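Structure record follows, encoded as structure tokens.
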Amino acid sequence: MSLPEKYKKPYESKDVESVVYKRELNSGLFNPDMLVQKFPKKYADSKTWTSITPPPNANGRLHAGHALDVTLKDIIGRYKRMQGLQVLLLPGSDHAGFETQVVYEKKLEKEGRSRFGMDRAELYKEIYDFTHVNKETVTSEIKRIGASYDWSRDTFTLDAKVVSGVQKTFIKMHEDGLIYRGKRDCNWCSKHQTSLSDVETDKKEVVTTFYTFKLGDFNIATSRPETKITDKYVVVHPDDNRYTSYKHGDTFEAEWVLGKSTFTVIKDDSIDPEFGTGAMTITPWHSGIDFAIAKKHGLDMVQLIDDYGKFTDVAGELKGLKATTVGRAKVVEILSEKGLLVDKDENYKTIVPVCYKCETLIEPQLKDQWFVKMESLAEIALQASQDGKLNFISDQYRKTFEHWMKNPIDWNISRQIVWGISIPAWFKNKGTDTEEFYIGNTAPKGNEWIKDEDTFDTWFSSGQWPIATLGFTDSDDFNRFYPTQLMETGRDLIFKWVPRMVIFGLYLAREVPFKDIYLHGMALDSKGQKMSKSKGNVMSPIDLADEFGMDALRMALIVGNAPGNDIPVSNEKVKAYKKFVNKLWNIARFVLENTNEEDDNFDTTIDNIHVENFKKVKYEITKNLDNYQLHLASEELYQYVWHEYADVVIEEIKKDLSSENKKVLRYLFKQILIVTHPFMPFVTEEIWSDFADVSKDNLLLVQDWE
RNA sequence: GCGCGAUUAGCUCAGUUGGUAGAGCAACUCAUUUACACUGAGAAGGUCGGGGGUUCAAGUCCCUCAUCGCGCACCA
């Protein structure tokens with residue numbers, strides 16, 4: 001046959017990629033229903049193989065890490081599909097409640113606006129529109145990577161079916177006694193005006209001053225004097241013999257910030273006698289630990305600092321001062337003037353919690369919030385892991401998972417933001433002593449009930465993602481595809497996301513949502529630094545693909561990246577695989593120039609050393625794909641294609657282009673296309689079209705692996 | 001403080017039940033228009049962080065130390 005013109009010049013990825021993706025997409029074969037319909041012989045009786053894709057936040061462009069995520073899943077998915085399984089890679093996107101709201105607030109800030117004071121519905125509408133524009137960008141970028149996702153099942157976390165299902169889950173959990181509302185210490189961000197879960201806070205080391213003040217017969221040490229204004233309990237360890245003259249419950253009068261006041265001595269063994277002076281006063285409203293002590297002994301709690309970080313009425317003349325800055329200075333000044341400052345250490349290092357988005361100091365606040373009781377849920381998740389129902393591809397993450405499940409903390413699922421799924425709860429006399437609540441989709445009778453304005457923590461909905469995307473537990477898709485086979489996502493989601501999906505899966509469906517858990521590492525820049533917008537080192541997979549081709553980028557992300565390890569991405573590495581793609585292109589040219597369809601009837605029963613060698617390589621590649629060792633599989637492939645097939649097989653055969661040799665050449669090359677396809681779908685599918693009639697869905701996408 | 005990783009060629013990293021150290025990139029020598037210069041052939045480069053142990057045999061298993069990274073929790 002005559003050589004198609006395109007092979008007379010180097011491979012042009014840009015010309016090919018969009019054409020190939022459209023060809024594959026339009027075949028409908030990314031949809032498992034179409035696989036069965038179009039190729040019943042191969043797929044009608046086969047099992048399903050499903051992976052729910054992590055929903056990327058619909059609030060921006062993709063970075064190289066997303067490309068790694070998509071590539072890994074797509075390679076496995078394409079491989080399983082060629083093996084004859086009904087593959088479903090289910091895409092979606094996440095409204096990413098707090099994350100998106102933060103991004104949008106920054107936009108508002110730039111425009112000189114603020115969400116505070118905006119009409120709730122209006123704000124929601126604006127963020128919705130913003131998100132939808134971004135969602136389209138994200139979707140088109142994922143398609144560029146070559147994702148063989150079933151877009152007909154694309155799901156958004158704010159789709160009506162997801163919203164109602166998530167709300168139903170909340171109602172069910174309440175009925176099962178797993179939800180409670182209560183005043184409890186919360187992580188409060190005074191900038192964003194919302195509470196956050198523990199995984200949404202970061203730790204920051206600060207150097208501050210550690211003060212010791214005299215309080216009656218006690219010396220009290222603190223790094224946060226401003227919280228001490230209204231303290232009235234002194235806590236010491238029961239066995240501390242320095243304080244034996246006071247018994248638990250004894251009271252004494254002493255001079256303090258706002259004048260003379262009465263203090264009560266509390267003995268509690270959670271105090272470390274070695275730390276500071278072994279005595280402390282407690283501020284239950286603004287400290288989790290203090291709250292625990294106060295709750296245990298039934299002590300009074302007062303709010304000293306308001307939601308904006310300023311002193312409340314109880315601070316008397318200090319009311320309205322910003323607590324952590326002028327407030328602190330003022331308190332130190334007052335106590336010093338009274339001669340109560342005993343000591344100060346100005347080089348005290350401590351770690352404080354900050355908002356993971358804005359680094360504002362988290363001020364613990366007692367708030368009425370919705371909490372999920374985690375203990376029993378964590379226990380079943382731990383059990384599932386210990387029973388071997390979860391297969392962590394790199395076992396280090398099992399330990400992390402189980403550690404977390406052994407130390408569950410009740411989960412605050414209320415957020416004081418509009419961008420999210422509304423909590424189906426209603427209040428009567430909210431904020432008063434006679435407050436009542438009702439949980440349900442519609443308000444009870446009577447017009448005194450008002451809707452809860454809070455929304456769910458975004459992880460409350462994404463935790464249900466494997467079930468929600470399949471239409472919840474009573475749908476056909478659920479029965480057909482649940483439990484899924486693979487959860488592949490970033491290692492940073494081991495806390496935020498993975499355990500919650502396991503828990504919800506076990507709770508709602510009584511089965512783990514997936515068996516294999518592949519946690520990939522982070523994509524780093526060429527210097528090994530984490531990519532971030534502020535550092536300006538974010539690499540766009542689209543830009544890299546424009547320069548080197550998407551197949552090259554996919555290979556560069558996979559080769560040498562052992563599961564769970566971070567991977568530096570450099571232009572040099574992508575460039576190296578661009579050469580590999582071109583090599584394949586030129587091999588195709590050679591094979592097409594020297595063989596034709598008549599050479600297709602190779603008898604595979606004939607002994608041939610080249611065929612034997614290939615079989616061994618294919619066996620290894622298959623084994624490594626089955627074990628999710630993609631870094632090994634891809635490297636073997638590279639070595640074989642370049643240094644065996646091109647350097648040895650072609651070189652040998654071109655000296656003797658016998659009919660027999662041509663058949664071997666052609667047969668092996670078609671096999672190579674099959675094995676290479678999951679890794680480099682674009683160039684292989686394009687070359688395939690010169691070896692087969694692709695007009696009737698005879699795509700490389702659905703060729704038999706075996 | 002607790003936990004988890006990492007330490008292998010100049011650089012970036014592989015090395016799957018213990019069996020004579022691998023790749024890509026870079027650098028070096030040669031080939032000079034070949035299916036492919038986005039090329040081919042070849043050579044060079046590592047006492048596998050230090051120390052100890054188990055074993056016939058250790059990059060691999062155990063102990064210990066050092067350095068780096070990450071996670072969790074911090075204490076007023």
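Bear in mind the structure is a predicted one, so any value in this text is a computation, not a measurement. So you know, we letter chains A, B, ... as the sequences are listed, proteins then strands, and number each from 1.
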Give me, pair by pair, the N or O atoms of the protein and of nucleotides 10-17 of chain B that are less than 3.5 Å apart, along with how far apart they are.
from  : atom 1 : to       : atom 2 : distance (Å)
B:C13 : O3'    : A:Gly560 : O      : 3.4
B:C13 : O2'    : A:Gly560 : O      : 2.7
B:A14 : OP1    : A:Asn565 : ND2    : 2.6
B:A14 : O5'    : A:Gly560 : O      : 3.2
B:A14 : O3'    : A:His631 : NE2    : 3.3
B:G15 : OP1    : A:His631 : NE2    : 3.0

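The minimum heavy-atom distance between A:Ala556 and A:Ile567, with the atom names listed, is O-CD1, 3.7 Å. Nearest heavy-atom pair, A:Met550 versus A:Ala545, reported as atom, atom and distance to 0.1 Å: CE-CB, 3.5 Å. In this structure, A:Arg242 and A:Asp240 approach most closely via the heavy-atom pair NH2-OD2, 2.7 Å.
Nucleic acid contact class of A:Lys8 (heavy atoms, under 4.0 Å, all strands): none. Using a 4.0 Å heavy-atom distance criterion, A:Ile494 is classed as making no nucleic acid contact. Residue contacts shown for A:Tyr397 are absent, as no nucleic acid heavy atom lies under 4.0 Å away. Using a 4.0 Å heavy-atom cutoff across all strands shown, A:Tyr211 reaches no nucleic acid atom at all. Among the atoms of the strands shown, none is found under 4.0 Å from any heavy atom of A:Thr400.
Across B:C61 and B:G24, the matching P atoms stand 26 Å from one another, rounded to whole Å. B:G49 sits 15 Å from B:G69 when the C1' atoms are compared, rounded to a whole Å. A distance of about 13 Å separates the P atoms of B:G40 and B:A35, rounded to the whole Å. Spacing of C1' atoms, B:G59 relative to B:G46, comes out at 11 Å, to the nearest Å. The same atom, C1', is picked in B:U67 and in B:A58; the two are 23 Å apart, to the nearest Å. The same atom, C1', is picked in B:U8 and in B:G22; the two are 10 Å apart, to the nearest Å. Here, B:A66 and B:G51 have their P atoms 15 Å apart, quoted to the whole Å. B:G18 and B:U54 are spaced 12 Å apart, taking the C1' atom of each and rounding to whole Å.
Contact annotation: A:Ser223 side-chain N/O to B:A76 OP1/OP2 distance is under 4.0 Å. Proximity of A:Lys575 to the phosphate of B:C25: no side-chain N or O atom is located under 4.0 Å from OP1 or OP2.
Across the protein-nucleic acid pair, A:Phe213 atom CZ and B:A76 atom C1' stand 13 Å apart, rounded to whole Å. Rounding to whole angstrom units, CZ of residue A:Phe590 and C1' of B:A35 are separated by 6 Å. Whole-Å rounding puts the A:Ile587 CD1 to B:A35 P distance at 13 Å. Atom CZ of A:Phe210 and atom C1' of B:A76 are 6 Å apart (whole Å). Residue A:Ile351 contributes atom CD1, which lies 9 Å from atom C1' of B:A73 at whole-angstrom precision. Taking atom NZ of residue A:Lys530 and atom P of nucleotide B:C70, one finds them 9 Å apart after rounding to whole Å. When rounded to the nearest whole Å, the span between CD1 of A:Ile393 and P of B:G5 equals 16 Å. Atom CG of A:Asp268 is separated from atom C1' of B:A76 by 13 Å (rounded to the nearest Å).
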Given the rule that a pair is Watson-Crick or G-U wobble with both distances under 3.5 Å, how would you write RNA chain B in dot-bracket, using | for pairs to a different strand? (((((((..((((.....[..))))..((((.......))))......(((((..]....))))))))))))....
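One finds a salt bridge joining A:Glu226 and A:Arg224 here, because a Lys/Arg side-chain nitrogen approaches an Asp/Glu carboxylate oxygen to under 4.0 Å. A salt bridge does not link A:Lys14 to A:Asp546: none of the charged side-chain nitrogens sits closer than 4.0 Å to a carboxylate oxygen. A salt bridge links A:Asp600 with A:Lys670: at least one charged nitrogen is closer than 4.0 Å to a carboxylate oxygen. Electrostatic pairing of A:Lys496 and A:Glu200 does not count as a salt bridge here, judged by no charged N lying under 4.0 Å from a carboxylate O. With respect to A:Lys575 and A:Glu572, no salt bridge is recorded, no charged nitrogen being found less than 4.0 Å from a carboxylate O. Salt bridge absent: A:Glu620 and A:Lys616 never bring a charged side-chain N and a carboxylate O closer than 4.0 Å. Looking at A:Lys6 and A:Glu686, a side-chain N of the basic residue comes within less than 4.0 Å of a carboxylate O on the acidic one, giving a salt bridge.
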Step-by-step side chain to side chain donor-acceptor pair (under 3.5 Å) determination, A:His237 to A:Asp268: CA-CA 5 Å; A:His237 196 279; A:Asp268 190 285; over 6 Å; no
Please walk me through it: do A:Asp690 and A:Tyr7 pass side chain to side chain donor-acceptor pair (under 3.5 Å)? CA-CA 11 Å; A:Asp690 295 311; A:Tyr7 289 101; 2.7 Å; yes
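RNA chain B is contacted by both A:Glu572 and A:Lys654; A:Glu572 maps to the nucleotide lying nearer its 5′ end (nearest heavy atom per residue). Looking at which nucleotide of RNA chain B each of A:Thr222 and A:Trp404 is closest to, the 5′-most match is held by A:Trp404.
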Each nucleotide of nucleotides 38-44 of chain B classed B (base within 4.0 Å of a protein heavy atom), S (only sugar-phosphate) or -, in 5' to 3' order, makes BSSS---
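Aromatic rings from A:Phe218 and A:Phe252 are positioned such that their centres are separated by under 6.0 Å.
Of the listed nucleotides (B:A76, B:G71, B:A73), B:A73 has the atom at the smallest distance from the side chain of A:Lys203.
Partner of A:Val569 under the side chain to side chain contact (heavy atoms under 4.5 Å, CB included) criterion, out of A:Leu68, A:Asn561, A:Leu544, A:Leu524: A:Leu544 alone.
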